[in-house]
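Worksheet: one structure, shown below.
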Amino acid sequence: MKKGILISLSLVTLLLVLTACQQQQKADEYMVIGMPLALTGSDAYIGEPPRLFMQDYVDKINAEGGLLGKKLKVVAYDIAADNATEAVNATNRFISQDKVFAIVGPTGSAAAIPMAPIVNAAKIPTIVPTATNEKVTVQETGELNPYMFRVCFIDNYQGSAAAYYAYEKLGYRKVGIFDAIGDPYSQGISDYFEQEFIRLGGTITRRMSVNEGDVEFRPQLSAMAETNPEAIFCPAGSYVRASFMINQSRELGIDVPYIMADANYDDALLEVCGPNVNGSLLTNGLYADSPEYAEFQADFAKKHPEWNANIYVLYTYDCAELLVWAVKQANSFDGPAIQKALASATNVKLFTDPSFTIDPLTHNPLNKTVAIIGVENEKWVLVDTFRPD
């Protein structure tokens with residue numbers, strides 16, 4: 001009887017081991033991509049559409065046999081509550097729990113910057129779609145973050161280009177600035193706009209800082225109006241603050257145009273502001289209404305009618321293609337091998353960029369076009385494109 005019990009226990013143990021092995025084997029069939037994104041609240045338009053796109057993209061790859069014979073899986077965590085803190089928490093979960101081989105995202109610099117030391121230590125290649133602050137890829141000390149990459153231009157590129165266009169092309173000589181407290185995106189672009197505009201001979205009538213989450217700006221706007229600016233530079237972290245400021249400006253009789261940045265490029269701004277936003281403009285790395293994107297956007301709308309294939313989706317498309325290219329180039333899912341491929345990317349064809357090239361010293365793209373996008377009759381229009389020196 002004892003022998004029978006021992007045999008039974010051995011069989012049970014063997015069955016448990018085999019089941020665990022099968023579960024592990026099943027888990028190992030998928031190579032996981034992490035996505036830290038704002039998926040809820042007012043900023044959901046920044047994160048949910050890219051997540052939906054990436055799932056569609058991965059599903060297509062899996063249906064065609066996978067990548068290097070492996071199927072892919074997307075794991076996304078919501079960081080809307082507190083971008084910086086939640087991004088760090090999500091990154092640690094990606095590494096310890098989900099065993100990701102790469103991360104795509106986040107969209108914002110405030111979340112991306114504190115992630116850098118974690119992915120550097122774990123050797124997890126990370127590609128951000130729209131996090132533009134320089135410190136995402138290069139630390140304040142000048143040291144490179146070896147595992148951080150981006151497909152968008154950076155704040156000094158965008159801020160300087162906006163200042164050049166405002167001064168040289170639009171003829172503005174006096175501009176006021178609103179930035180956001182604690183937001184490296186807003187503050188960084190504002191710094192470079194201010195420096196370049198003054199260098200060219202312009203005057204910053206006043207620079208004021210507000211809280212990104214505030215909704216009442218009439219006192220600050222009234223104070224700004226007293227300085228008589230010809231335009232207001234407002235690189236808000238999303239369309240929400242910009243829309244409140246524009247509408248309240250018009251209520252106060254302040255009718256100067258707003259100059260914004262890429263994070264404000266969303267149809268929701270047009271819907272919320274209506275005719276109040278006419279005559280304003282912003283800088284971006286691409287024009288989302290270009291004909292070459294129309295078919296993709298229409299397909300996306302059919303699958304996800306509640307969302308638009310906005311710039312965050314288009315840039316995430318570039319991230320996805322760059323990551324797949326790097327894996328194929330490395331012929332491996334090994335982090336250092338993928339990192340090496342990414343650092344050497346030259347003339348890679350991506351969805352919005354036919355010759356994407358990485359600067360190996362900064363991990364920033366080289367020679368990105370700046371699109372000047374204006375608002376006419378409550379619609380986005382492409383005003384100009386140029387490549388800054």
Side-chain angles (χ1 to χ4, degrees), residues 34-39 43 46-47 50 76-95 100 102-160 179-193 209 211-213 235-238 241 261-264 285 311-312 315-316 318-319 322-323 335 339 342-343 358-365 368:
M35 296 190 77
L37 299 167
L39 301 175
D43 286 345
I46 294 173
Y77 293 129
D78 185 14
I79 63 170
D82 183 337
N83 281 185
T85 301
E86 294 303 324
V88 168
N89 293 339
T91 303
N92 286 322
R93 288 179 67 186
F94 288 142
I95 294 167
V100 300
I103 295 173
V104 171
T107 57
S109 300
I113 291 170
M115 287 171 54
I118 304 172
V119 300
N120 289 341
K123 299 182 179 179
I124 302 295
T126 299
I127 309 174
V128 298
T130 54
T132 55
N133 189 277
E134 297 94 308
K135 292 192 285 291
V136 171
T137 57
V138 179
Q139 300 170 32
E140 204 157 5
T141 60
E143 184 179 352
L144 181 69
N145 285 323
Y147 283 82
M148 296 293 290
F149 297 84
R150 76 177 108 218
V151 296
C152 57
F153 50 42
I154 59 176
D155 288 348
N156 66 350
Y157 198 81
Q158 180 175 197
S160 299
D179 65 27
I181 297 169
D183 181 2
Y185 168 84
S186 176
Q187 291 180 338
I189 295 177
S190 296
D191 287 345
Y192 287 106
F193 181 96
S209 296
N211 293 309
E212 189 66 53
S238 75
R241 174 166 67 85
D262 52 355
N264 310 128
I311 61 166
Y312 300 100
Y315 275 121
T316 300
D318 284 351
C319 291
L322 181 61
L323 177 60
Q339 187 273 349
L342 288 171
I358 280 284
D359 180 352
L361 299 179
T362 64
H363 290 183
N364 300 322
K368 293 288 285 188

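On a predicted model such as this, the values are computed, not experimentally measured, just so you know.
Taking the side chain as every heavy atom from C-beta outward, E86 and D78 never approach each other to under 4.5 Å. Between N133 and Y185 there is no side-chain heavy-atom pair separated by less than 4.5 Å. Between Q339 and F149 the shortest side-chain heavy-atom distance falls below 4.5 Å. No side-chain heavy atom of Y157 sits under 4.5 Å from any side-chain heavy atom of T132. Between T137 and R150, the closest side-chain pair of non-hydrogen atoms falls below 4.5 Å. When side chains are defined from C-beta on, P106 counts as touching V128, because their heavy atoms get closer than 4.5 Å.
In this structure a side-chain-to-backbone donor-acceptor pair under 3.5 Å is missing from E143 to V138. With hydrogens and angles disregarded, no donor-acceptor distance shorter than 3.5 Å links the side chain of N211 to the backbone of G213. The closest donor-acceptor contact from the side chain of Q158 to the backbone of A261 lies at 3.5 Å or more, if one exists at all. In terms of modelled atom types and a separation under 3.5 Å, the side chain of S209 and the main chain of I181 share no donor-acceptor contact. Using modelled atom types, one side-chain atom of N264 and one backbone atom of S238 make a donor-acceptor pair closer than 3.5 Å.
D359 and N364 are not linked by any side-chain donor-acceptor pair at a separation below 3.5 angstrom, with hydrogens and angles left out of the test.
Nearest heavy atom pair, residue V151 against residue P129, reads CG2-O, 3.6 Å.
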